[in-house]
Amino acid sequence: MRDVAAKLTLAALALLLVVVRPALAQAPVRLTVALITSRSLEPYNLAAAGITAALSDAGYAPVVDTFNLDGDATSAGGIVSRLRQERHDVILTLGSLATTEVARGIDDIPLVFCMVLDPPSSGLTAEGEASGRNITGVSMDIPIDAQLDAIEAVLPTAKRVGILHSAESTAQVAKAEAAANARGLSIVATQISSEREVSRAMTSLLTGSDVLLALPDAAVYTESSTRYVLLSTLRQAMPFVGLMDSFVSAGAFMGVGLDFVDLGRQAGAIAARIAQGEAPGAIPVEGPAATRLLFNQRTARRIGVNIPPEALAAGEVLVP
Amino acid sequence: MSPSPHSRLGLRPLFIATVTLVVLTTSVLLGWALIRDRSQRLKGELANKGLSVAKTLASHAQYGVLVADSMELERLITGLSHDPDLAFASITDAEGAVLAQGPTGRPTPWQGLEARPVTVAGIELEGAQEIEGDGGSWLVVKAPVHAASQTRSKEELGLVDPTIGRGPKELVGTVTLVLSEARVAQAISDAGQVVAVVTAAVVALGLILTISLSTIMVSPILELAAASRRIAQGDMAVSLKEGPARELAELTRAFNQMSKALTDRDLALQENAQALAAQAKALSERGAELEERNLELHLSQEQLKGTNAELLHASRLKSAFLASMSHELRTPLNSIIGYTECMLDGLDGPITEDQQESLERVQRNGRHLLGLIGDILDLSKIEAGKMELSLDNLNVGDIAAECLGMVRPLSRGKELDMGVQIARGLPLVHGDASRLRQVVINLLSNAVKFSDKGSVLLKVEAAQDGVELSVRDTGRGIPAEKLGDIFIEFQQLEGPNSPGTGLGLAITRRLVELMKGTIDVKSEVGKGSTFTVWLPRAKPRG
């Protein structure tokens, strides 16, 4: 419903622009855009809509060529050669797969990435830094402070934040520890090498922490281990702060999510700046401008947590 | 030969048997269908629940199977132990090795028994089998444990459902659940009890209704039969209350009408019989009476005979006495009249006028007395059978004319026309001339005597087989009631002081009858009388 509402809003805005721009007596500037998506996912569609909307807002008439990798890196070669030929004003990529593939082949056309988690792990510039090349963009990293804010707001008594991670997210763990310490919270981090160690690690985490915080770690959160984690936290009445909407819908007690349309808008705004003449290499990579607080009331009842009314009012209840 | 009424079934047992059979059959069939349907449905529900639980368990067991974590898997199984239908659960890996099973310590009587597919409404349930044994029956449901072969990127973790893997699924193990059908059996047994109770209730209700209905229908019929029997035995006064059903009411009404008609007919017959009896009684009484009367008549006849003989004798004695008395009276009377006449003629010397008057009175009364004695003598002669007629062939016309001449002087001093009509060629009659003369004179003198003015007509004419002589006067007439008396002796119309002796007409009738003739009279008061005498004609001589 939210997606539909967002689409309707966008459509309404686009219509408004078409009507309003001639009144401004300033003809929209034609802008050719290439949009490359890693795979077909609804969040990518939302972000794409945000991008177009932002470009239109900025006074452009974007002409969008859309490409889809469908999760297959081997198809990237053809797309890249076409991009080289067509030479769009700006290239936008959605997801790390599309971003890394296009970035590897194109270095002379401005590239703005979106929906990329942990850009440095994909060989991209970190948040807040400018690349000095043809690449900039918006990351999908949920700010650790937003997550700790949520934990403090909803679970004021929770002091020990358990984190299950693998080697690939050590940097995030370090960041989290720093942020937690600043607030007087402690991070109980358990590193594992594969999903097979999840049950053992969970045994200690379930007793040694007050809340379990999920990090985007593909080695830890596989299909089966995620089920196991959800099941065991539910069984032990352990509040599990999951990743975005998907974890909360699957059964996590709460989560911090993003507005993908907004993320797209952020990327679109950057593309507009580039179209206006700014050098992509000079524009620092941005993080998400806003977050959403998400709740699963069913799980909250199951594990016996009363969500404070003000937190509930500020957030969204995905599962009532 | 038809069977006797008692060897046949009555309506009531027939009704009851039929209704019971129908209700029982219907109830049993319905109950069987109901229980069968319920059993199928409950089994289907149990199998579906088992499959759903098995799938959920398989989904949750994915991690445990992948990492061969028996403790985790046993924990999952224990989590299911609250399910009352679950008898046994096991989780095996892809090779079939048991990773976990439980709940522990429960008997497993189904082991070694053959399992067969479960069908619900004709459709075979995939993944479910049924085992039946002495200890009960069980459902075995299986669910595969699949795992995705590919892992997702960390980026996609937040974008899609983290519990659904990507890439082709790989069979990593199997979840097997054994569900006891005890609760299903109990539910079916309960349903069976309900069906039995309902069946019993329906049968009871059916019986009550049938008995009531059959009573309603049969009682009037039995009453009719009893009433018919009573009527057959002669008790007609039978009236039945109308039956409750329309047809029975109709029947009862018809019966009552018939009964009433029979009663009426019976009454009529009784009345007839009574009337007949009364008539018979009356007849027998009348017979007795008649017999009595007959006897009486017989007696009185005898008596009358005696009396008659006595009377005849007495009458003869009287006539004889009168004849001799008349004769003895006439002799001195003739002397008195003769000597009186001599004195009147002056033979014994002159007499005074007074003496003459007295003597004339003596002579007149003497002559009257002499006439009376003559009449009495005639009458007694006739009654005594001593009147002798000198019969001859007579010409009535001549005698009548002669008599009229003799009577004419009597009419002197009266304004009377004395007429005579005598037909010519009259036949002769056979009679006594002097006696006939006496008859005519008598009739003529009576006519003159009782007529003061007008006329006296003597008529003689031929009549059938004889001659008719009639005297008509215009006198005072005779009342009709007295006409029968005038021919009887000493019956005078005028009373005792009237002229005549009261014997004239009686003697006239006797004389006419002696001559084989008849006399009758017609008269009208104030207008006159007509006396008619018929005399038979004389038989030709030879």
Side-chain angles (χ1 to χ4, degrees), chain A residues 38-39 41-44 47 71 95-97 99 115-118 121-122 140-142 166 168-169 172 194-200 202-203 214-232 235 242-252 255-258 260, chain B residues 53-82 89 91-94 99-100 143-175:
Chain A
S38 299
R39 65 176 72 248
L41 285 176
E42 184 57 19
Y44 292 152
S96 52
L97 179 66
T99 307
M115 306 289 285
V116 172
L117 189 76
D118 191 11
S121 66
S122 302
M140 203 170 64
D141 294 0
I142 295 164
S166 68
E168 67 178 52
S169 18
Q172 279 81 6
S194 83
E195 58 171 348
R196 291 186 180 268
E197 293 168 24
V198 167
S199 63
R200 197 159 4 101
M202 279 300 289
T203 315
L215 290 184
D217 193 320
V220 172
Y221 294 103
T222 65
E223 173 195 4
S224 47
S225 67
T226 309
R227 268 184 213 168
Y228 176 78
V229 170
L230 285 168
L231 204 61
S232 51
R235 208 184 277 147
L243 291 168
M244 298 198 270
D245 307 53
S246 60
F247 271 70
V248 177
S249 294
V256 176
L258 298 173
F260 300 120
Chain B
V53 169
K55 277 178 189 163
T56 311
L57 183 59
S59 153
H60 288 157
Q62 202 180 51
Y63 177 77
V65 172
L66 271 176
V67 302
D69 185 345
S70 293
M71 258 175 61
E72 164 63 14
L73 294 174
E74 270 163 20
R75 205 162 34 223
L76 287 174
I77 289 172
T78 313
L80 295 176
S81 61
H82 65 274
I91 301 171
T92 52
D93 64 14
L99 294 171
V145 181
H146 289 294
S149 55
Q150 283 178 15
T151 53
R152 282 163 310 192
S153 72
K154 62 179 178 182
E155 201 171 75
E156 288 163 15
L157 275 182
L159 303 183
V160 295
D161 188 337
T163 61
I164 297 172
R166 190 154 47 80
K169 296 273 181 178
E170 191 185 320
L171 183 71
V172 293
T174 306
V175 166

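The sequence lines fix the lettering, A, B, ..., with proteins before strands; numbering per chain opens at 1.
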Would you find a donor on one side and an acceptor on the other, under 3.5 Å apart, between the side chain of [X] and the backbone of [Y]?
| X | Y | answer |
| --- | --- | --- |
| B/Tyr63 | A/Val229 | no |
| A/Ser246 | B/Leu157 | yes |
| A/Arg196 | B/Leu66 | yes |

Pick one of side chain, backbone, both or neither for [X], based on which atoms fall under 4.5 Å of a heavy atom in chain B.
| X | value |
| --- | --- |
| A/Ser249 | neither |
| A/Val116 | both |
| A/Val248 | neither |

Drop me the distance from [X]'s [atom1] to [Y]'s [atom2], to the nearest 0.5 angstrom.
| X | Y | atom1 | atom2 | answer |
| --- | --- | --- | --- | --- |
| A/Leu231 | B/Glu72 | CG | CD | 6.5 Å |
| A/Ser224 | B/His146 | OG | NE2 | 14.0 Å |
| A/Leu243 | B/Glu155 | CG | CD | 12.0 Å |
| B/Asp161 | A/Arg227 | CG | CZ | 8.0 Å |
| B/Thr163 | A/Phe247 | OG1 | CZ | 9.0 Å |
| A/Met140 | B/Lys154 | CE | NZ | 10.0 Å |

(request) Please collect all salt bridge (charged side-chain N to carboxylate O under 4.0 Å, His left out) contacts where either partner lies in residues 58-71 of chain B, sequence neighbours excluded, each pair once. (result)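 Non-adjacent pairs meeting salt bridge (charged side-chain N to carboxylate O under 4.0 Å, His left out): zero.
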Among the listed options [options], the residue most often paired with chain B at heavy-atom distances under 4.5 Å:
| options | answer |
| --- | --- |
| A/Met115, A/Arg39, A/Met244 | A/Arg39 |
| A/Ser121, A/Ser169, A/Ser199, A/Ser225 | A/Ser199 |
| A/Ala214, A/Gly95, A/Gly71, A/Ser96 | A/Ser96 |

(message) Would you say that A/Leu230 contacts B/His60 through its side chain, given a criterion of any heavy-atom pair below 4.5 Å between the two side chains?
(response)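 No; the side chains remain at least 4.5 Å from each other.
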(message) Going by salt bridge (Lys or Arg N to Asp or Glu O under 4.0 Å), name the residues that satisfy it together with B/Lys169, two or more places apart in sequence or in a different chain.
(response)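 B/Lys169 satisfies salt bridge (Lys or Arg N to Asp or Glu O under 4.0 Å) with A/Glu223 once adjacent residues are dropped.
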(message) Using a 4.5 angstrom heavy-atom cutoff, name the option from B/Ala147, B/Ser153, B/Ser59 with the most pairs to chain A.
(response)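 Going by pairs under 4.5 Å, I would pick B/Ser59.
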